[in-house]
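Atoms considered below: every heavy atom in the structure, side chains included; atoms not considered: hydrogens, waters and symmetry mates. Order of appearance sets the numbers: ligands from 1, and atoms from 1 within every ligand.
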Amino acid sequence: DKTLLSIAIDGPAGAGKSTVAKKIAKKLNLEYIDTGAMYRAFTLKVLENGLDPKNENEVLSLLENTEIIFLNNHIYLDGKIVDEEIRNNSVSKNVSYVSSYSEVRKKMVELQQEMAKKNNVIMDGRDIGTVVLPNASYKFFITAQPEERGKRRYMELIEKGETDIILADIIDDINKRDKIDSTRKESPLRIPDDAIVIDSTNLTVDEVVDLIIELIKGVNKIVL
Ligand code: CDP
Ligand code: CDP
């Protein structure tokens, strides 16, 4: 349906995609879809079943009997809300292996495309503008320097009350995950040709939100 609006947001870990996308969803009355949460939920199931995320056959053996739904800002794994569990460290460390398998991606992409056919959406991930919604109404690529992204994740964990965390380890994990995500064969993380790139290193959340809304509304139209 051509009348539906879709906003694609891609970028590396900790760039602020989901924080920004949620705020824009509220302001513009769009459905927010967190595609990373879907890959995280499936990774959680792989780990809960004692399977090896680096073993493609083991991972794929679970795929058919798995139901993953992102609805009203909650992620459901086989009918159970797993919003908290999918953020744990072992999921973060393993999700990039699980998300690299083409069968896994195929299933998630189909689900994501179905959602975009039903509502006006803002969707964030790694392959939204390139693969999931190649005809999105608007495409943005949000990034920030790795040290800044690591600091943001670190602050989140401190605020959650975690104590035994080391900033350097978090930056290291983020860099590792970005490397796997951008070098994998299947739909690697890359800037879509027609995306607007926003470097949020020195911007606040609200500055990024306002910038995107201005760009969508055409206030900052570049005149050639
Ligand atoms: O929020 P954070 O940046 O930590 O990651 P996320 O958006 O929750 O995504 C977790 C992982 O899922 C990424 O590192 C990718 O491996 C994978 N992912 C993907 O492959 N494709 C997407 N569209 C979204 C996430
Ligand atoms: O989804 P993604 O992994 O790109 O990032 P996120 O989960 O939204 O986390 C970004 C964190 O950095 C959040 O704690 C935000 O409050 C903070 N932050 C941001 O998102 N954007 C800025 N410009 C500054 C800080």
Given that the side chain starts at C-beta and the backbone is N, CA, C, O, which of these parts of [X] lies under 4.0 Å from ligand 1, counting heavy atoms, or is it both or neither?
| X | answer |
| --- | --- |
| M38 | neither |
| E156 | neither |
| R126 | both |
| K17 | side chain |

Tell me the protein heavy atom at minimum distance from [atom], and give that distance in Å.
| atom | answer |
| --- | --- |
| atom 24 (C) of ligand 1 | T35 OG1, 3.3 Å |
| atom 10 (C) of ligand 1 | R177 NH1, 3.5 Å |
| atom 21 (N) of ligand 1 | R105 NH2, 3.0 Å |
| atom 8 (O) of ligand 2 | T19 OG1, 2.5 Å |
| atom 17 (C) of ligand 1 | S99 OG, 3.6 Å |
| atom 12 (O) of ligand 1 | V95 CG2, 3.5 Å |

Which ligand 1 atoms are under 4.0 Å away from a heavy-atom of [X]?
| X | result |
| --- | --- |
| D127 | 21 (N), 22 (C), 23 (N) |
| A13 | 3 (O) |
| D181 | 13 (C), 14 (O), 15 (C), 16 (O) |
| G125 | 22 (C), 23 (N), 24 (C) |

Inset, instruction - Using the salt bridge (charged side-chain N to carboxylate O under 4.0 Å, His left out) rule, take D173 and R153 through it: C-alpha gap first, then chi angles, then the decisive distance, then the call. - result: CA-CA 11 Å; D173 282 348; R153 277 279 179 276; over 6 Å; no
Legend entry - Euclidean distance, S200 OG relative to Q145 CD, rounded to 0.5 Å: 10.0 Å
Ion pair check, [X] and [Y], cut-off under 4.0 Å:
| X | Y | answer |
| --- | --- | --- |
| E85 | K80 | yes |
| D127 | R105 | yes |
| R152 | E148 | yes |
| K176 | D172 | yes |
| D34 | K22 | no |

Inset, instruction - Decide whether S90 and N88 meet the rule of one side-chain donor and one side-chain acceptor closer than 3.5 Å. - result: yes
Legend entry - Exercise: do D124 and S18 side chains pair donor with acceptor under 3.5 Å: no
Numbered atoms and elements of ligand 2 in range of [X], under 4.0 angstrom, heavy atoms:
| X | value |
| --- | --- |
| P12 | 4 (O) |
| T204 | 22 (C), 23 (N) |
| L203 | 22 (C), 23 (N), 24 (C) |

Can you find an N or O of [X] that's nearer than 3.5 Å to an N or O of ligand 1?
| X | value |
| --- | --- |
| D34 | no |
| Y39 | no |
| R40 | yes |

Legend entry - Close N or O approach (G14, ligand 2; < 3.5 Å): yes
Inset, instruction - Please determine if A15 has a nitrogen or oxygen closer than 3.5 Å to a nitrogen or oxygen of ligand 2. - result: yes
Taking all non-hydrogen atoms of both residues into account, name the closest pair between [X] and [Y] and its distance.
| X | Y | value |
| --- | --- | --- |
| D10 | T130 | OD2-N, 4.5 Å |
| A116 | M123 | CB-CE, 4.2 Å |
| R40 | S92 | NH1-OG, 3.1 Å |
| D199 | A144 | OD1-CA, 3.7 Å |

Inset, instruction - Please report the C-alpha distance between K117 and E114 in whole Å, then the side-chain angles of each, then the deciding distance to 0.1 Å, and finally whether the salt bridge (charged side-chain N to carboxylate O under 4.0 Å, His left out) criterion is met. - result: CA-CA 5 Å; K117 277 185 194 153; E114 281 308 309; 3.6 Å; yes
Measuring from [atom], which candidate in [options] has the nearest non-hydrogen atom?
| atom | options | value |
| --- | --- | --- |
| atom 9 (O) of ligand 2 | R153, E207, E159, K23 | R153 |
| atom 7 (O) of ligand 2 | S18, S200, G16, A144 | S18 |
| atom 25 (C) of ligand 1 | G11, G36, S182 | G36 |

Inset, instruction - State which residue, out of V91, N94, V95, fulfils the side chain to side chain contact (heavy atoms under 4.5 Å, CB included) condition with P53. - result: N94
